Amino acid sequence: MNIRVRFAPSPTGHLHIGGARTALFNWLLARKEGGTFILRIEDTDVKRSSPEMVEDILEGLQWLGLDWDEEPYYQSQRFEIYRSIAGQLLETEGAYRCFCSPELLESKKQKARAAGLDWRYDRSCRELSEEEIQEYLKAEEPFAVRFKVPHKQKVHFEDLVYGPIDVETENIEDFVLLRSDKTPTYHLCVVTDDTQMNISHVVRGADHLPNTSKHVLLYQALDEPVPFYVHLPLILGPDKKRLSKRHGATSVLEYKKQGFLPAALKNYLVRLGWSPSDDQEIFTEEDLIAGFDIGRINKANALFDPQKLEWMNGQYISTATPEELAPEVKSLLKEEKLWDEAWEDKGRDQFLGILELLKSRAKKLTDFVDMGRPFFSDEIEYEPKAIRKNLSFADPAEAANLVAALEELSGAYRKLEVFNLENIEKILREVGERHSLKGGKFMGAIRVALTGKTASPGLFDVIVTLGKDKTVERLGKVPSLLQ
RNA sequence: GGCCCCAUCGUCUAGAGGCCUAGGACGCCGCCCUCUCAAGGCGGUAACGCGGGUUCAAAUCCCGCUGGGGCUACCA
C-alpha cells in the first residue's frame, strides 16, 4: 500500500507542542513505510490566518527536522476546487442552500439556550420548495451551503487507535460547507483535499474524533473511499487543562530559544501517546523510525511534563560530543557577546574542552552560557551566596591564613613548569595542609575566586582549563572579596 | 445540557485472563562516588477510581457509577 499522510496545520496559531507531536507521528509513519509526508496549510479562515504563523510553522518543522515531501499546499489557493465540489453536492442533493442569516441563527441559539434546550440547526431551509429557493435567489439573498445529513442512520468508522465508533446521524448537525461569502469550511476542505491528495491515513489529534463522522458522511455523499483514521490522544497541560500559553501552546521555536535540542524534543514527544515494546526511553532517529507502530499508540490523553523534557534534553547534551554541541553554543555565545573568534582556531581545543567539562552538567544549551561564563569571560560575577559561604570569616586570623595560603599557592603555580592536572592537585593539597586548611574549605574558597560560584566542574579541571595566568590573576583578587 | 472518547504510581507508560508480590522512566527521598554541582551507580517512595457481574482465576472481558477530556461556529 502506498502510504500518504499529511500534516495540516491552521496558521491561526503557532506550531505548538501538540501540533509538533501530530506532525512527528505523521512523519514517522511516512518514513517508516517509505510513504509520502505532505504539508497542507489550512488557511481557509482568511480573517484569522496569517503569513507570520505560516512562517512559524514552516520554521518549526524545519528545526525539528520534519521534512515534508512535495511543495506545501495552501487551501486558500484551492477555493475554486472546494466550490465546485459544493456545487456538485448541491446538484446531487447531498447539500442544500441555507438562507438563514447568521444573526437569525444566533438569536435562535440564544433562545434555545435560555430555555435550557440544546441547539442544533433546525434544518428549516432543508425542505424549501423550488419556488422559494428561486425567489431567494432572484432577490440575491446570500446563502450558505449546508450538508444534508441523512436521517436516522448510523455512521460507522474504524479508527486505528480508538477502534470502532458509531454515531447516530440524528446527533449530527447539517453543517456548513460553504459560507455565505463563498469561502469553504474546514469539513469540505479536508475531505476534498484528502481525497484529491490521495491521503491513505488521516493522522490527527483526537479533538477531531467528533468531526470524523461528518467527514465519513461526506465521503459517502461524494462516493469516495474513506481513508484510515489514526486519532492521537491529546496532550494536556500539567494542570490537566488544554495546552495553554503557560506551557506548551507556545511555538516550538520558543523551545529552541530556551536551549532544547530538536532530537530531545522529538524523543520526548514521541513517548507522549506511544511506547515501544520494551523499556527503551532514548531513541536514535533510526530506532524511532524502525520501531514506530500505530498499534502501540495509546488512547488516554497525556499530560505535558516539562521536567521530563529537561531530563531528556540533558541526556542528549551529555551524550553529545563537544564538536556536535559547538555550533549551537557558539551562536548562543555570540548573542551574549561572549564569543571570541580565537575559539574557532587556536583556541579550538580549549573551547571544546570547556564544553566537555560542562556538558554532563547542562540541561539546556543555554546552561553553557550560564555555567561557562567564568571560562568565556574575564568579568566574573561573584555570587553573594558564594562569597558568604566560602569567603566569609568571623575570625580575622582565619582570613589571614587563607590569604597567606593562596599567596603561596599562586607563587607555586607561577613557577610551575608543567601546568597539568596532577601537579596542580599535588601542590594545592600540600599548600592546604601546610596551612591546616581542610580540603573542602580551601577548595571552596578557590572555586569562588575562580568562578564566582559555589558549583562548578571539578576544581582541578577548572584550573587547568583556565590556565596558569588566569588562575593566578583570579586568586590574587581574593583579599578584596573577603568578608 | 447533548454527543463522542478515555481511565495502571504525582507524571509518561509496560501489561492484550493465570508469567503481577503489578515492570520501566521522570520527579521525590536516601546511600555510594566526591573538592562543590551535575553525571553515574545502588536502594526506596508511590498506582490497577468505585460497585456489580463473567470465570477455577480479572489490572486485563461485560455492565453501571464516578471522574477526566474533546466536540457542540457561516474556527480549524
Side-chain angles (χ1 to χ4, degrees), chain A residues 8-13 42-45 47-49 75 98 100-102 105-106 109 113 116-121 142-146 159 162-163 165-168 170-173 175-181 183-187 189-190 205-213 231 233-234 236 238 240-242 268 271-282 296 298-305 307-312 314-315 318 358-363 367 371 386 389-390 425 428-429 432 438-444 446-448 451 453-460:
Chain A
S10 169
T12 53
E42 309 224 321
D43 52 356
T44 52
D45 187 340
K47 291 183 216 70
R48 299 197 312 146
S49 298
Q75 291 189 326
C98 172
C100 301
S101 70
L105 294 174
E106 190 51 41
K109 209 179 290 182
R113 204 167 298 157
L117 300 166
D118 61 310
W119 162 261
R120 207 168 293 136
Y121 176 59
F143 63 86
V145 175
R146 282 185 189 271
D159 187 276
Y162 287 92
I165 291 174
D166 295 275
V167 182
E168 298 283 346
E170 297 315 299
N171 291 318
I172 303 173
E173 180 172 59
F175 52 97
V176 171
L177 298 173
L178 223 51
R179 304 185 186 94
S180 42
D181 66 0
T183 59
T185 65
Y186 166 69
H187 303 299
C189 297
V190 245
D207 49 339
H208 286 293
L209 220 37
N211 287 330
T212 308
S213 51
H231 284 94
L234 264 21
L236 272 24
K240 279 196 164 201
K241 289 278 174 347
R242 244 194 144 172
Y268 173 71
R271 292 299 328 278
L272 253 34
W274 176 85
S275 62
S277 50
D278 56 16
D279 287 331
Q280 193 172 354
E281 291 282 345
I282 310 276
R296 298 194 63 85
N298 218 38
K299 291 194 254 230
N301 292 343
L303 269 49
F304 179 68
D305 179 6
Q307 271 189 316
K308 187 158 184 180
L309 206 209
E310 280 213 4
W311 168 79
M312 184 81 67
Q315 290 295 311
S318 299
L358 298 174
K359 69 181 183 126
S360 69
R361 275 158 259 261
K363 291 255 184 292
D367 291 340
M371 300 190 305
K389 197 174 162 204
N390 294 311
E425 173 164 5
L428 189 145
R429 292 200 190 275
K438 275 198 186 132
K441 190 95 176 120
F442 194 30
M443 290 168 80
I446 297 169
R447 172 169 290 109
V448 180
T451 68
K453 299 171 190 290
T454 50
S456 81
L459 189 58
F460 306 117

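No experiment lies behind these values; they were computed from the predicted model shown. Note on naming: letters A, B, ... go to the chains in the order of the sequence lines (proteins, then strands), and numbering restarts at 1 for each one. We use all heavy atoms of the structure for the numbers below, so side chains are in, but hydrogens, waters and symmetry mates are not.
- A/Asn298 comes within contact range of the sugar-phosphate backbone alone, with a heavy-atom separation under 4.0 Å but no base atom that close.
- Distance A/His231 NE2 to B/C4 C1': 11 Å, rounded to the nearest Å.
- Proximity of A/Arg48 to the phosphate of B/A76: no side-chain N or O atom is located under 4.0 Å from OP1 or OP2.
- Rounded to whole Å, atom P of B/C3 lies 18 Å from atom CH2 of A/Trp119.
- If you take CG of A/Leu272 and P of B/U11, they are 13 Å apart, rounded to a whole angstrom.
- A/Cys100 and A/Tyr121 make their closest contact through SG-OH, 3.4 Å (heavy atoms, listed as atom of the first residue, atom of the second, distance).
- Taking both residues in full, the closest heavy atoms of A/Ile172 and A/Ser213 are given as CD1-OG, 3.6 Å, listed atom of the first, atom of the second, then distance.
- Rounded to an integer number of Å, the gap from CH2 of A/Trp274 to P of B/U13 is 12 Å.
- Taking the P atoms as reference points, B/G53 lies 42 Å from B/A73, given to the whole Å.
- In this structure, A/His231 has its ring center no closer than 6.0 Å to that of A/Tyr162.
- In a base pair of the Watson-Crick type (N1 to N3 plus N6-O4 or O6-N4) or a G-U wobble (N1-O2 and O6-N3), with each distance short of 3.5 Å, B/A46 is matched with no nucleotide.
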Pair A/Arg361-A/Asp367, side chain to side chain contact (heavy atoms under 4.5 Å, CB included): steps then yes or no: CA-CA 8 Å; A/Arg361 275 158 259 261; A/Asp367 291 340; over 6 Å; no
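- Note: CD (A/Gln75) to P (B/A76) measures 9 Å, nearest angstrom.
- Between the side chain of A/Arg296 and the main chain of A/Ser275, a donor-acceptor pair closer than 3.5 Å is present.
- Between B/G17 and B/A58, the two P atoms lie 14 Å apart (nearest whole Å).
- Between A/Arg296 and A/Cys100, the residue anchored nearer the 5' end of RNA chain B, judged by the nucleotide with its closest heavy atom, is A/Arg296.
- Residue A/Asn171 is the one, among A/Asn171 and A/Val176, whose nearest nucleotide of RNA chain B lies closer to the 5' end (criterion: closest heavy atom).
- Separation of the P atoms belonging to B/G67 and B/C50 is 15 Å when rounded to the nearest angstrom.
- Among the heavy atoms of the strands lying under 4.0 Å from A/Leu105 is at least one base atom, whether or not backbone atoms are also near.
- In this structure, A/Leu303 atom CG and B/C9 atom P are separated by 12 Å, rounded to whole Å.
- Across all strands shown, A/Thr44 has heavy atoms under 4.0 Å from sugar-phosphate atoms exclusively, and none from any base.
- Comparing B/U54 with B/A16, their P atoms are spaced 24 Å from each other, to the whole Å.
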Steps toward side chain to side chain contact (heavy atoms under 4.5 Å, CB included) verdict (A/Asn390, A/Thr454): CA-CA 8 Å; A/Asn390 294 311; A/Thr454 50; 4.2 Å; yes
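- For A/Asp278 against B/A14, a side-chain-to-base donor-acceptor contact under 3.5 Å is absent.
- We find that CG of A/Asp367 is positioned 13 Å from C1' of B/A39, with the value rounded to whole Å.
- Nucleotides B/A25 and B/A39 place their P atoms 15 Å apart, quoted to the nearest Å.
- The residue A/Arg146 sits close only to the backbone: its heavy atoms come under 4.0 Å of sugar-phosphate atoms, none of a base.
- In this structure, the ring-ring contact (aromatic ring centres under 6.0 Å, His included) partners of A/Phe143, at least two apart in sequence or on a different chain, are A/Phe99.
- Judged by distance alone, with hydrogens and angles left aside, the side-chain atoms of A/Arg120 form a donor-acceptor pair with the main-chain N or O of A/Glu170 at under 3.5 Å.
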CA sep, side-chain torsions, deciding dist, call: A/Asp159, A/Thr212, side chain to side chain contact (heavy atoms under 4.5 Å, CB included): CA-CA 10 Å; A/Asp159 187 276; A/Thr212 308; over 6 Å; no
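- Annotation: B/C48 and B/U21 have their C1' atoms spaced 14 Å apart (nearest Å).
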Annotated protein contacts, base or backbone, on nucleotides 63-70 of chain B with a non-hydrogen cut-off under 4.0 Å, one of B, S, - each: ------SB
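- Of the candidate nucleotides B/A7, B/C4, B/A76, B/A76 has the atom lying nearest to any side-chain atom of A/Asn211.
- Within the structure, a side-chain polar atom (N or O) of A/Ser275 is placed less than 4.0 Å from OP1 or OP2 of B/A14.
- Residue contacts shown for A/Ser10 are limited to sugar-phosphate atoms, with no base heavy atom under 4.0 Å away.
- For the residue pair A/Pro184 and A/Leu178, the shortest heavy atom distance occurs at CA-CD1, 3.6 Å.
- A/Glu310 has its CD atom 18 Å from the P atom of B/C12, to the nearest Å.
- Look at the C1' atom in both B/U11 and B/A47: the space between them is 12 Å, to the nearest Å.
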Candidate pair A/Tyr186 and A/Asp45, rule side chain to side chain contact (heavy atoms under 4.5 Å, CB included), full reasoning: CA-CA 9 Å; A/Tyr186 166 69; A/Asp45 187 340; over 6 Å; no
Summary of protein contacts for nucleotides 22-37 of chain B, nucleotide by nucleotide, where a base hit scores B, a sugar-phosphate-only hit scores S (4.0 Å, heavy atoms): -BBBSS-------BBB
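- B/C61 sits 13 Å from B/U8 when the P atoms are compared, rounded to a whole Å.
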